[in-house]
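Notes follow the structure.
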Amino acid sequence: MEMFERTYIEEARHRVGERITLAGWVSRTRDLKKIRFIVLRDRTGEIQVVVKPDTPEMFNLSLGREDVLSVTGKAVESDVAKAGVEFLPDGIEVINRSQQPLPVDILENKKSDLDTRLNWRFLDFRSPTTNAIFRVQNALVTAFRDYLSGNGYMEFQPPCIIGSASEGGADLFAIPYFEKMAYLAQSPQLYKQMCAMSFEKVFTITPIWRAEKFNTPTHLNEIRQMDIEQTFADDETVMDVLEKTLVHMLEEAKEKTADQLELLGRELTIPKTPFRRVTYTNAIEMLQGAGEPILWGDDFTKTQEALLTELVGDEAFFLKDWPGEQKTFYAMPYDKEDERDARYLEETYGSTEIGDRLVRAFDCLYGGIEISSGTMRIHLPELLKERIRYKGLNPDNFEYYVGAFRYGAPPHAGWSIGLERITMTVTGQSNIRECCMFPRDRDRLVP
RNA sequence: GCCCUGGUAGUAUAGUCAGGCCCAGUAUGUCCGGCUGUCACCCGGACGAUCCCGGGUUCGAAUCCCGGCCAGGGCGCCA
């Protein structure tokens with residue numbers, strides 16, 4: 001293909017009168033007896049190309065949807081065209097043809113089913129709604145990375161293939177690894193803690209896998225996590241980081257993808273910091289007061305999370321001080337013998353006794369769903385082993401983990417945001433598959 | 001893994017409850033023709049469906065029954 005100097009459509013609007021070359025896809029054509037309109041699209045927008053019969057080589061050129069063209073000519077202002085600017089070509093080159101008809105309706109006249117669109121995902125990306133979702137997602141990712149990089153956090157890359165299967169909870173995917181068995185990582189947890197113990201403030205954006213046989217609109221077997229970890233920090237330290245990071249992400253999305261959010265019908269409100277801190281115990285009381293059959297110690301269902309959001313009345317808030325049995329073994333328990341912990345427990349609960357059952361873990365709810373959770377970690381090997389036993393697990397199976405804290409481990413804490421989950425909330429989607437370019441669920445492995 | 005609902009042209013749907021009137025209707029699409037600068041252009045014509053797969057009931061099945069696969073939703077599960 002002959003190379004040419006290309007101008008993007010958005011830029012062309014500001015270069016009226018200059019001879020330039022556009023390149024992109026045919027969105028649709030409107031052919032009349034004495035005039036022809038070709039709607040050309042590139043990553044920056046659409047423009048109407050106007051062809052008159054006095055140029056028969058262009059007027060009679062056969063064109064189909066999604067054919068790839070380069071069009072040379074000039075943009076002109078027009079009071080007839082709805083967009084205000086249109087394009088008068090002096091040459092059109094067909095760079096590649098698209099097969100017809102298209103297997104999905106990317107103009108969304110008769111919007112194809114999600115399953116059909118996922119089968120043709122590369123074409124679906126060209127439809128306005130899908131395109132907008134991933135542009136918003138990109139703005140969120142970029143803002144996450146920029147905010148943390150700008151505040152002294154170092155990005156690191158954890159391994160995705162791991163050797164140990166002895167991690168209590170979720171099911172792992174086993175894969176053959178030469179003469180051994182290996183597993184797909186279901187969390188960068190240990191790795192981010194190990195990195196933090198040298199680099200102090202770290203973050204990563206990494207895929208994780210869970211072999212859970214869940215089959216819901218909010219679960220995938222492969223997701224991307226945005227994680228941070230930092231030293232000399234407790235749960236409140238990183239909750240503060242979380243709310244600032246989240247607000248920055250939302251502000252950036254609102255500013256950088258205003259057009260996309262409008263197309264998606266989203267009016268983003270930026271929650272005010274600091275977010276309200278609601279204790280788990282208080283949340284249980286609120287739900288019980290609303291007639292929910294829930295007991296202290298239970299986890300919240302999705303409906304209860306939504307109801308709680310209504311009761312709290314804030315778009316974003318924290319749920320903190322969880323019962324130890326609800327959270328992972330490495331969550332730091334309160335210590336009522338510690339002076340500061342005792343004062344906090346006394347102020348919050350009127351007694352220090354409950355401290356024996358609470359850990360310094362938190363969830364962040366935004367728009368009615370849990371988008372992030374985190375904890376202050378246990379950095380003391382003996383306490384860690386005690387908590388592993390408390391959870392009914394065998395400390396011998398966790399020696400690889402406990403051992404990482406024997407050589408000068410400072411107190412530390414961290415959290416994790418699910419990328420697809422937050423994209424769902426921000427873009428207003430109810431199925432998480434809409435928010436993952438190539439989702440992996442229980443049945444789907446392609447494309 | 002359980003429950004509910006569904007699977008019909010490229011896409012999206014009607015028809016299924018009450019089997020025959022359906023060699024399957026409509027919209028959109030594709031192709032062809034026509035046409036006041038259109039903008040979801042419009043108008044006309046044509047094309048396009050093993051009615052998800054397998055089995056059964058029946059004179060007769062898109063329609064009823066059984067099994068399977070897949071999809072959407074609800075629940076469960078969830079470091």
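Values reported hereafter were calculated over all heavy atoms of this structure, with side chains retained and with hydrogens, waters and symmetry mates removed. In what follows, chains are A, B, ... by sequence order, proteins preceding strands, each numbered from 1.
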Taking only heavy atoms on the protein side, list every residue of residues 304-311 of chain A lying under 4.0 Å from any atom of RNA chain B, sorted numerically. none
Determine the interatomic distance between C1' on rG72(B) and the same-named atom on rC35(B); round to the nearest Å. 43 Å
Do any of residues 416-436 of chain A sit with a heavy atom less than 4.0 Å from RNA chain B, and if so which? N431(A)
Would Y330(A) and Q189(A) count as having a side-chain donor-acceptor pair, cut-off 3.5 Å? yes
Return the residues of residues 290-297 of chain A meeting this criterion: a heavy atom under 4.0 Å from some atom of RNA chain B. Order them by number, or give none. none
Please determine if a side-chain N or O atom of R210(A) lies less than 4.0 Å away from the OP1 or OP2 oxygen of rC77(B). no
State whether T216(A) places a side-chain N or O below 4.0 Å from either non-bridging phosphate oxygen (OP1 or OP2) of rG74(B). no
Cationic N near anionic O, under 4.0 Å, K320(A) to E236(A): yes
Looking only at atom C1', what distance separates rC22(B) and rG10(B), rounded to whole Å? 22 Å
Can you tell me how far P in rG54(B) sits from the matching atom in rG44(B), rounded to whole Å? 40 Å
Identify each atom pair where a protein N or O and an N or O of nucleotides 38-48 of chain B are less than 3.5 Å apart, giving names and distance.
from	atom 1	to	atom 2	distance (Å)
rU38(B)	O2	R30(A)	NE	2.8
rU38(B)	O2	Q48(A)	OE1	3.4
rU38(B)	N3	Q48(A)	OE1	2.9
rU38(B)	N3	Q48(A)	NE2	2.9
rU38(B)	O4	Q48(A)	NE2	2.7
rC39(B)	O4'	R30(A)	NE	3.1
rC39(B)	O2'	R30(A)	NH1	3.4
rC39(B)	N3	K82(A)	N	3.2
rC39(B)	N4	V80(A)	O	2.3
rA40(B)	OP2	K82(A)	NZ	3.3
rA40(B)	N3	N109(A)	OD1	3.2
rC41(B)	OP1	R28(A)	NE	3.3
rC41(B)	OP2	R28(A)	NE	3.0
rC41(B)	OP2	R30(A)	NH1	2.3
rC41(B)	N4	D31(A)	O	3.0

Identified side chain to side chain contact (heavy atoms under 4.5 Å, CB included) counterpart of I422(A) within the set T427(A), I371(A), V141(A): I371(A)
To the nearest 0.5 Å, tell me how far Y366(A) OH sits from M424(A) CE. 13.5 Å
Residue that, paired with Y153(A), satisfies side-chain hydrogen bond (donor to acceptor under 3.5 Å, both in side chains) out of E229(A), K201(A), Q230(A): Q230(A)
Exactly one of T257(A), L261(A), T425(A) clears side chain to side chain contact (heavy atoms under 4.5 Å, CB included) with R266(A), and that residue is L261(A)
Measure the spacing between CD of E262(A) and CD of Q260(A) and express it to the nearest 0.5 Å. 10.0 Å
Touch check for R442(A), heavy atoms < 4.0 angstrom, all strands: base, sugar-phosphate only, or nothing? base
Scan K111(A) against the nucleic acid and name what it touches under 4.0 Å (heavy atoms): base, sugar-phosphate only, or nothing. sugar-phosphate
Pairwise C1' distance, rC66(B) and rA24(B) [rounded to whole Å]: 26 Å
In whole angstroms, how far is the P atom of rG34(B) from the CZ atom of R36(A)? 14 Å
In whole Å, what separates the P atom of rG73(B) from that of rG67(B)? 25 Å
Do the charged groups of E18(A) and K74(A) touch, with an N to O distance under 4.0 Å? no
What is the distance, to the nearest angstrom, from the CD atom on Q100(A) to the P atom on rG29(B)? 12 Å
Residue E212(A), side-chain atoms from C-beta onward, closest of rG73(B), rA79(B), rC77(B): rC77(B)
Within the structure shown, what part of the strands sits under 4.0 Å from N215(A) by heavy-atom distance: base, sugar-phosphate, or nothing? base
Hunt down the Watson-Crick or G-U wobble partner of rA24(B), both distances under 3.5 Å, from any strand shown, or write none. none
List in numerical order all residues of residues 124-136 of chain A for which some heavy atom is under 4.0 Å away from an atom belonging to RNA chain B. none
If we take the P atom in both rU58(B) and rU13(B), what is their distance in whole Å? 35 Å
Do D113(A) and R117(A) meet the salt-bridge criterion of a basic N to acidic O distance under 4.0 Å? no
Write down the distance separating the P atoms in rA14(B) and rG33(B), rounded off to the nearest Å. 35 Å
Quantified in whole Å, what is the P atom distance between nucleotide rU8(B) and nucleotide rC64(B)? 15 Å
Looking at F203(A), does the NZ or CZ of R145(A) lie under 6.0 angstrom from its six-membered ring centre and within 45 degrees of the ring axis? no
Taken to the nearest 0.5 Å, the spacing of Q100(A) CD from L63(A) CG works out to 10.0 Å
Is any side-chain heavy atom of I294(A) less than 4.5 Å from a side-chain heavy atom of Q288(A)? yes
Between the protein and nucleotides 14-16 of chain B, list the N/O to N/O atom pairs that are separated by less than 3.5 angstrom.
none

Counterpart base for rA49(B), defined by Watson-Crick or G-U wobble contacts under 3.5 Å: none
Identify whether any heavy atom of K52(A) sits under 4.0 Å from a base atom; if not, whether one sits that close to sugar-phosphate; answer base, sugar-phosphate or nothing. base
